[in-house]
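Below: one structure, written as structure tokens.
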Amino acid sequence: MNGGSGRIVTVTSVGGVVGQPFSDAYCAAKFAVEGLMQSLAPVVAPFGIDVSIVEPAAVASSFVDSVHRAAPGPYAAQQQAYLDRAATSFANAQPADEAAETVIEAALTDAPRFRWQTSEAAVRFAGLSISDLSGARVLDVTSSWVR
């Protein structure tokens, strides 16, 4: 194998580790990106390439403005409750420049790891679904599949 070095840093979301009501397409896409990167990491590691994902929680941006309300129907009350909760989350959202600091750290660190959260809120939320926040254990297992 050729020696080399490099780093791939992909921004996903805590929505890639915790499915959320009425965000099914978004979460499915983020879960897919996380799976793609997790699958890629052990394949490119022997070439000196580190793969990292960055998982923000709510970030102050226009993202929440893209939420579309469905027509009234049997799920309207559930959707409204979810939207109310989302509005509270985004009211306390992490500033975008603060989240970007984690992306820069993941790209430049001398101690790369697979999984990075951008805030304590992201750590807590991702921890609902995964206990291996750095991704080291799963990468040890999947790396053994390609050795």
Side-chain angles (χ1 to χ4, degrees), residues 3-70 75-146:
S5 65
R7 189 157 306 155
I8 299 169
V9 177
T10 302
V11 178
T12 67
S13 167
V14 294
V17 291
V18 179
Q20 299 165 55
F22 301 103
S23 301
D24 30 25
Y26 176 80
C27 289
K30 296 303 181 178
F31 268 80
V33 170
E34 294 227 0
L36 173 66
M37 294 297 105
Q38 202 170 67
S39 299
L40 179 64
V43 175
V44 299
F47 298 95
I49 300 170
D50 296 306
V51 175
S52 295
I53 57 172
V54 177
E55 300 167 330
V59 175
S61 69
S62 59
F63 176 80
V64 77
D65 297 336
S66 67
V67 174
H68 299 286
R69 296 178 190 268
Y75 304 105
Q78 290 173 302
Q79 186 182 38
Q80 188 57 55
Y82 174 76
L83 292 171
D84 291 346
R85 184 206 170 275
T88 300
S89 293
F90 277 90
N92 299 309
Q94 178 182 29
D97 59 338
E98 191 178 291
E101 290 174 14
T102 304
V103 176
I104 293 166
E105 182 180 2
L108 301 178
T109 185
D110 290 332
R113 62 183 198 235
F114 179 71
R115 187 170 272 125
W116 298 77
Q117 294 79 35
T118 64
S119 66
E120 285 302 314
V123 168
R124 285 190 306 275
F125 197 65
L128 294 174
S129 184
I130 55 175
S131 62
D132 181 17
L133 293 179
S134 73
R137 278 185 301 207
V138 72
L139 290 180
D140 284 344
V141 170
T142 58
S143 292
S144 73
W145 297 349
V146 295

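The structure displayed is predicted, hence computed values, not measured ones.
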Original post:
Any side-chain heavy atom of S13 sitting closer than 4.5 Å to one from Y26?
Top reply: yes
Going by atom type alone, with no hydrogens or angles, which donor-acceptor pairs under 3.5 Å involve a side-chain atom of residues 98-111 and a protein atom two or more places apart or on another chain?
unit_1 : atom_1 : unit_2 : atom_2 : d
E98    : OE2    : Q94    : NE2    : 3.2
T109   : OG1    : A111   : N      : 3.0

Original post:
What distance separates T10 OG1 from L40 CG, expressed to the nearest 0.5 Å?
Top reply: 8.5 Å
Got a list of side-chain donor-acceptor pairs under 3.5 Å for residues 41-60, not counting sequence neighbours?
unit_1 : atom_1 : unit_2 : atom_2 : d
S52    : OG     : R113   : O      : 2.5
E55    : OE1    : Q117   : NE2    : 2.7
E55    : OE2    : R115   : NE     : 2.9

**OP:** Could you pull out the closest heavy-atom pair between G19 and C27, with the gap in Å?
**Re:** CA-SG, 4.0 Å
Original post:
If we only count heavy atoms from C-beta on, is the F125 to E120 side-chain gap below 4.5 Å?
Top reply: no
Original post:
Rounded to the nearest 0.5 Å, how far apart are CZ of F31 and CD of Q38?
Top reply: 11.0 Å
Subject >> Nearest atoms (heavy-atom pairs only) where F114 meets E34 >> reply: CZ-O, 4.1 Å
